[in-house]
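Take a look at the structure set out below.
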Amino acid sequence: MQILLTGGAGYIGSHTIIELDKAGHTVVVVDNLCNSKEEALRRVEKIIGKPVPFVRADVRDREAMDHIFKTYTIDAVIHFAGLKAVGESCEKPLEYYENNMNATFVLLDVMRRNGCKNIIFSSSATVYGDPAQIPITEECPKGHCTNPYGQTKSMLEEVLKDVQKADPEWNVVLLRYFNPIGAHKSGLIGENPNGIPNNLMPYITQTAIGIRKELGVFGNDYDTPDGTGVRDYIHVCDLAAGHVAALKAIEKKCGLAIYNLGTGHGYSVLDVVNAFERENGLKVPYSIKPRRPGDIATCYCNPAKAKAELGWQAQYEIGDMCRDSWNFQKNNPKGYEE
Ligand code: NAD
Ligand code: WQD
């Protein structure tokens, strides 16, 4: 199939191009580069050994999007484009709602006008809020999202469900990602956050390389085995492969389908620090800080539905994730340089 990746220059999108290519699909990327660099695509080209068609445009730009659909025969869209920083979304709610919602509205309208009704949407475990059950299955009710970013994911899921309900020709796959970390084993592409990282793994790698003095561990008084927050970390290459598997559901005309993409294992903050130190033979200085507002104690999934229906299962373990995250950081101490 020919797949349009919105936000395809970003962290998850760039890794997904490689998995799509491996599976014999062709790609087109649209990205406005507001949180990524074109260099990521150059590096993907190096890895796959062929050019990656790229259109620098905003998904909210209806004309530019229409032009893409008129130029290429797009069979399905993987919609990664969106703003994703939880803290920033609390400071700039309007920008987050405006970008994430409008980009999706324009995309869906342009898609249907051009007769493409197949979409995979990047959703998030954040839609479960403080989860009603652990491990989290797809039947678990959605919860209250404590930030505008999470609200956009939850609201867009509902928009997509309604669109599919009104016109059953649509095939909509909602992928609820858990915590993606790691990088392609080449060390050429990986996570390249702007400014001070919000997420745990880039903070750890930047501390290990000396950009940050020490990691702050946000709370050690949660009701978890060691008191620190527990999450379901998944290797970004496994996550990328999950999108290829989801295309099979689209090919089978799935209508609406929802899948958790996680490993099903929960690791605490200190488990991750220990695994990182062990795997890479490094020390990561840390100190215990107060809890971060909006954080929950425990979040990990039951990934059985994706295994049963898509034949997809995570392959990598926490040690692999720590090794590959470090490999990217150490090879790219300043991220992508153009
Ligand atoms: P990312 O920021 O690296 O990639 C998103 C890409 O979208 C960036 O390249 C950015 O430039 C682009 N973009 C944003 N708004 C755009 C617009 N209006 N038009 C065109 N391009 C635009 O983020 P990522 O980690 O690769 O995440 C991809 C998707 O997965 C996002 O929707 C994110 O919310 C979702 N997600 C991410 C995580 C995570 O922890 N990384 C977890 C769950 C869900
Ligand atoms: C993981 C654990 C922190 C940083 C976020 C979004 C979620 C999804 C994935 C997009 C928590 C602790 C972190 C640090 C720490 N994104 N931590 N010190 O919060 O599970 O999920 O990213 O959809 O929506 O909320 O990920 O990596 O920020 O935190 O102690 O400097 O690490 O408290 O327990 P989180 P995270």
Side-chain angles (χ1 to χ4, degrees), residues 5-16 29-38 40-41 55-61 64-65 78-87 89 95-96 98-104 106-107 121-129 145-147 149-150 152-153 156 175-181 190-194 196-204 206-207 212 214-220 222 224 228-234 236 239-240 243 261-262 267-273 286-300:
L5 287 78
T6 74
Y11 172 47
I12 303 170
S14 55
H15 288 82
T16 302
V29 169
V30 58
D31 200 303
N32 65 3
L33 304 180
C34 69
N35 195 40
S36 52
K37 297 265 172 17
E38 203 173 337
L41 296 177
V55 179
R56 181 173 184 171
D58 195 300
V59 180
R60 290 168 296 178
D61 181 340
M65 293 303 289
I78 307 183
H79 182 32
F80 295 107
L83 300 175
K84 66 161 182 177
V86 170
S89 79
E95 282 77 1
Y96 270 66
E98 204 279 319
N99 188 72
N100 293 4
M101 303 305 293
N102 281 343
T104 310
V106 170
L107 173 67
F121 175 63
S122 296
S123 189
S124 169
T126 199
V127 301
Y128 293 112
C145 294
T146 52
N147 60 80
Y149 164 72
T152 68
K153 290 294 172 194
L156 286 168
L175 296 181
R176 294 175 176 160
Y177 309 156
F178 280 67
N179 287 58
I181 59 172
E191 192 170 10
N192 182 38
N194 287 331
I196 302 171
N198 303 297
N199 296 113
L200 178 63
M201 184 53 84
Y203 210 104
I204 289 178
Q206 290 195 8
T207 304
R212 315 274 158 214
E214 62 169 18
L215 170 74
V217 174
F218 300 145
N220 67 348
Y222 286 105
T224 61
T228 66
V230 168
R231 297 291 182 273
D232 188 335
Y233 297 95
I234 173 165
V236 66
L239 191 67
H243 295 76
L261 293 186
Y267 290 98
S268 74
V269 176
L270 295 181
D271 288 336
V272 177
V273 170
Y286 70 84
S287 67
I288 306 298
K289 300 278 189 237
R291 291 182 178 194
R292 183 172 65 177
D295 270 357
I296 53 175
T298 304
C299 177
Y300 61 91

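Just the heavy atoms: all of them, side chains too, but no hydrogens, waters or symmetry mates, feed the values below. Because the structure is predicted, anything quoted here is derived from the model rather than measured. Note that ligands are numbered from 1 as they come in the structure, with each ligand's atoms numbered from 1 the same way.
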Do any nitrogen or oxygen atoms of [X] come within less than 3.5 Å of a nitrogen or oxygen of ligand 1?
| X | result |
| --- | --- |
| K153 | yes |
| C34 | yes |
| V59 | yes |
| Y177 | no |
| L83 | no |
| K84 | yes |

Main-chain N/O of [Y] paired to [X] side chain as donor or acceptor, under 3.5 Å:
| X | Y | result |
| --- | --- | --- |
| S287 | G216 | no |
| K153 | S122 | yes |
| N100 | L83 | yes |
| Y11 | I181 | yes |
| Y96 | V86 | no |

Could you report the tightest heavy-atom contact between [X] and [Y], atom names first, then the distance?
| X | Y | value |
| --- | --- | --- |
| F178 | C299 | CE2-SG, 3.8 Å |
| G7 | F80 | O-CB, 3.9 Å |
| T126 | G150 | CG2-CA, 3.7 Å |

Can you tell me which portion of [X] lies within the under-4.0 Å heavy-atom range of ligand 2? Options are side chain, backbone, both, or neither.
| X | answer |
| --- | --- |
| Y233 | side chain |
| V230 | neither |
| L215 | side chain |

For [atom], find the nearest protein heavy atom and state the residue, atom name and distance (0.1 Å precision).
| atom | value |
| --- | --- |
| atom 20 (O) of ligand 2 | R231 NE, 2.6 Å |
| atom 36 (P) of ligand 2 | N199 ND2, 3.5 Å |
| atom 2 (O) of ligand 1 | N35 ND2, 2.7 Å |
| atom 39 (C) of ligand 1 | P180 CG, 3.5 Å |
| atom 8 (C) of ligand 1 | D31 OD2, 3.6 Å |
| atom 3 (O) of ligand 1 | Y11 N, 2.9 Å |
| atom 3 (C) of ligand 2 | D295 OD2, 3.4 Å |
| atom 31 (C) of ligand 1 | F80 O, 3.0 Å |
| atom 37 (C) of ligand 1 | I12 CD1, 3.8 Å |
| atom 17 (C) of ligand 1 | N32 ND2, 3.3 Å |
| atom 19 (O) of ligand 2 | R292 NH2, 2.9 Å |
| atom 25 (O) of ligand 2 | V86 CG2, 3.4 Å |

Side-chain contact test, heavy atoms from C-beta onward, threshold under 4.5 Å: evaluate it for [X] versus [Y] and give yes or no.
| X | Y | value |
| --- | --- | --- |
| K289 | E214 | yes |
| L200 | L215 | yes |
| I12 | P180 | yes |
| N199 | P193 | no |
| Y300 | V230 | yes |
| V269 | Y286 | no |
| R176 | Y128 | yes |
| V272 | R231 | no |

(request) State which residue, out of V273, T228, T298, fulfils the side chain to side chain contact (heavy atoms under 4.5 Å, CB included) condition with S268. (result) T228
(message) Can you name the atoms of ligand 2, numbered from 1 with element, that are less than 4.0 Å from a heavy atom of T126?
(response) 24 (O)
(request) Run the numbers for me: atoms of ligand 2, each under 4.0 Å from some heavy atom of V217, listed by number. (result) 30 (O)
Please compare [options] and report which has the shortest non-hydrogen distance to [atom].
| atom | options | result |
| --- | --- | --- |
| atom 33 (C) of ligand 1 | Y149, Y233, F178 | Y149 |
| atom 27 (O) of ligand 2 | L200, I181, T298, V269 | L200 |
| atom 8 (C) of ligand 2 | P202, S124, P197, G294 | S124 |
| atom 17 (N) of ligand 2 | Y286, Y222, F218, Y177 | F218 |
| atom 35 (P) of ligand 2 | N179, T228, I204, T207 | N179 |

(request) Specify whether H79 and F121 have parallel, tilted or perpendicular ring planes, treating 30° as the upper limit for parallel and 60° as the lower limit for perpendicular. (result) tilted
Please state which part of [X] comes within less than 4.0 Å of ligand 1, counting heavy atoms only: side chain, backbone, both or neither.
| X | result |
| --- | --- |
| N99 | side chain |
| E191 | neither |
| A125 | neither |

(request) Check the surroundings of atom CD1 in I196: do more than 12 heavy atoms from other residues, nucleotides or ligands lie under 6.0 Å from it? (result) no
(message) Would Y149 count as a contact residue for ligand 2, given that I'm defining contact as a non-hydrogen atom of the residue lying under 4.0 Å from a ligand atom?
(response)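 Distance cut 4.0 Å: Y149 passes for ligand 2.
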(request) Take every heavy atom of G216, measure it against each atom of ligand 2, and state whether any distance is under 4.0 Å. (result) yes
(request) Under 4.0 Å from a heavy atom of A57: give me the atoms of ligand 1 that qualify, with their elements. (result)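 Here the atoms of ligand 1 in question are 20 (C).
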(message) Would S123 count as a contact residue for ligand 1, given that I'm defining contact as a non-hydrogen atom of the residue lying under 4.0 Å from a ligand atom?
(response)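 Right, S123 reaches ligand 1.
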